[in-house]
Amino acid sequence: MYIHLDCNNFFVSCELVSRPELKGTPVVVANNNDNNGGIILALNQEAKAVGLKRGNPIFQVTKIIEQNKVTVIDVHHQLYRDISHHIMDEVRETEMVLDFVQYSVDEFFGMMPDDDPVRLREYLQRLKDLILRKTDIPVSCGAGLSYTLAKTATWFAKHYPAYQGICIMSGEQREKALSMLDIKDVWGIGRRSFKRLAELGIQTALDFANRKEAWVKRLFGVNGVRTWKELNGVPAITIASHDRQKSIMYSRTFAHMTSSKEVLMRELSNYASSAARRMREQQSLCQTVTLFLATNRHRQDLAQYSADETLRLSAATDDSTLIIKAVEKLLESLFRENYQYKQAGVILGQLQSNKSVQLDLFAINDLDEKERHKRLMQAIDGINKRFGKNHIHFAIQGSEADFSDQPAGFMRPKKVES
DNA sequence: TCTGGGGTCCTAGGACCC
DNA sequence: TCTGGGGTCCTAGGACCC
């Protein structure tokens, strides 16, 4: 049997670890909160109960928030990454999960060489208890004959309190479960497919699973067929190991728009620097650097512009100086005067291991230079690890007061963390 | 009159996920 | 006033090869 574990309301649960007094009260996590902008990214049961939804712009629901004394917390992505690492490490250490594979920041899959429902339930209960004890994060879990069915089981575990957070979907229960599952809630069916399926009269997961394979292939391609097989209890999906990403993105929506190239460059150099640091942490090099810019698409009264461009480096690198230089070059190419920019980001692409480097043909005599850069990066990371993020930085990143460690906003004083 | 048949690689954009 | 940030994979079409 495939098993699946998923943290409950992950972002909110992470915040409640350090603010336990808020447990039992409505809490949401939003971005750009201190600017009264932003949207709801995550919410707990209590917040859902008063009518809030993921994706609500804060300014549209201020009344509900005030009337119900909802606590709104600013998002802390790094905290969630750290807690995620903690959870995954704890689970790995127990060696309880066969074929462990992390799927996202807050969920993972595994296998269980047993389909006895009683033993499976005990086993999942032990995992669930372990994670709660070690990290204070509640999880829900499911088991089924494929990844998709295991994830479906977790969906039932979350939506039906009677399961108490654990749902085992045996082969016999499969059809009944799928007949109760709306097709839009199936993993792999997004908004587009849902719309087409609705037009074709397909309402439940079972309706879909009962169609012929050729029909599915014709209308929904290979991915559709994979989902179809999985729903029928035939494993068809492989999940790539999460330990080495293929790209790293760092982007922000700004609290205030800007039309200044200098301001953009300062922000972007910070994003590049943060992305490069994360890349070095996972011991990768990037071969490409992408930059994108966009105006506020919600402001129809303003001129719109968005663009992106990718620069291929002559050799893969993890050197912040080279990456920042690439970003400067890209900004030079993409920037247009007289637009109000609202969003920008840097993507480091085609990541590869730093263990096997393809040398730059034209820099082959520059090994000393390479070594010096490498040591420079190590020194910068070491200092910042010891004295705090951005303790030392490149001049182009701006003065300390400019750093927006938290989601966006120019000129906001740096938050000091003890 | 009549203009092939087979490949590979790259990229942009779509669709999906959390 | 105010509308997220991060990823993956697939496919179609263009450019190129013989």
Side-chain angles (χ1 to χ4, degrees), chain A residues 4 6-11 28-42 53-62 65 72 74-78 80-81 84 101-109 147-148 151 154-155 184-197 217 219-227 237-257 271 274-275 278 282 287-288 290 292 294-302 306-310 312 340 342-351 406-409:
Chain A
H4 175 246
D6 197 334
C7 300
N8 299 341
N9 316 318
F10 186 56
F11 289 6
V28 306
V29 170
N31 70 312
N32 255 342
N33 182 35
D34 33 325
N35 193 45
N36 193 27
I39 63 171
I40 295 178
L41 303 172
K53 285 199 169 63
R54 190 186 144 84
N56 285 146
I58 295 286
F59 74 91
Q60 285 177 3
V61 290
T62 41
I65 288 173
V72 182
D74 216 351
V75 67
H76 298 97
H77 289 288
Q78 191 56 50
Y80 315 144
R81 275 194 287 270
S84 175
V101 50
Q102 185 178 351
Y103 172 67
S104 73
V105 68
D106 75 331
E107 61 189 307
F108 63 89
F109 289 98
Y147 283 132
T148 303
K151 211 163 145 60
T154 303
W155 188 92
K184 75 171 188 306
D185 294 321
V186 171
W187 187 39
I189 304 295
R191 277 171 40 205
R192 293 296 281 254
S193 299
F194 168 64
K195 197 165 164 247
R196 294 178 69 192
L197 286 162
K217 174 79 168 59
L219 290 169
F220 300 98
V222 294
N223 286 321
V225 172
R226 282 179 193 148
T227 296
I237 289 177
T238 53
I239 293 177
S241 154
H242 225 258
D243 48 2
R244 186 163 273 135
Q245 292 161 248
K246 301 190 167 174
S247 66
I248 291 177
M249 170 155 100
Y250 207 105
S251 76
R252 288 290 179 269
T253 295
F254 311 138
H256 306 286
M257 295 183 282
Y271 304 168
S274 296
R278 255 160 64 195
Q282 63 165 55
Q287 182 78 61
T288 63
T290 301
F292 64 88
T295 52
N296 186 346
R297 65 180 195 281
H298 299 286
R299 291 287 299 272
Q300 277 150 16
D301 53 323
L302 297 177
S306 75
D308 64 279
E309 191 174 330
T310 299
R312 166 170 283 269
Q340 295 288 319
K342 177 68 174 170
Q343 204 181 13
V346 171
I347 304 170
L348 307 181
Q350 295 193 15
L351 300 194
Q406 295 311 313

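- For the pair Leu41(A) and Arg54(A), the tightest heavy-atom approach, listed with the atom from each and the gap, is O-NH1, 2.7 Å.
- First and last contacts of DNA chain B with chain A, using any nucleotide atom under 4.0 Å from a protein heavy atom and ordered 5' to 3', fall at dA15(B) to dC18(B).
- Contacts of Val186(A) with the nucleic acid, taken as non-hydrogen atoms under 4.0 Å apart, involve only primed sugar atoms and P, OP1 or OP2.
- When the nearest nucleotides of DNA chain C are assigned to Arg226(A) and Arg299(A) by heavy-atom distance, the more 5′-ward of the two goes with Arg299(A).
- The aromatic rings of Phe109(A) and Tyr103(A) sit perpendicular to each other, their planes meeting at more than 60°, with 30° as the lower class boundary.
- Asp106(A) places no side-chain N or O within 3.5 Å of a backbone atom of Asn8(A) that could act as its donor or acceptor partner.
- Here the closest non-hydrogen pair linking Phe10(A) and Ser84(A) is CZ-N, 4.1 Å.
- Base pairing of dC10(C): its partner is dG13(B), meeting the Watson-Crick or G-U wobble criterion (both donor-acceptor distances under 3.5 Å).
- In this structure the side chain of Tyr147(A) never reaches within 4.5 angstrom of the side chain of Arg226(A), judged on heavy atoms.
- If you check every strand for non-hydrogen atoms under 4.0 Å, Lys195(A) touches nothing.
- The residue Asn56(A) sits apart from the nucleic acid: no heavy atom pair falls under 4.0 Å.
- The residue among Leu41(A) and Ser247(A) whose nearest nucleotide of DNA chain C is located toward the 5' end is Leu41(A).
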Start with the C-alpha distance between Gln350(A) and Arg312(A), add both sets of side-chain angles, then the distance that settles side-chain hydrogen bond (donor to acceptor under 3.5 Å, both in side chains), and finish with yes or no.
CA-CA 10 Å; Gln350(A) 295 193 15; Arg312(A) 166 170 283 269; 3.0 Å; yes
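- Within 4.0 Å of Arg278(A), counting heavy atoms only, lie sugar-phosphate atoms of the nucleic acid but no base atom.
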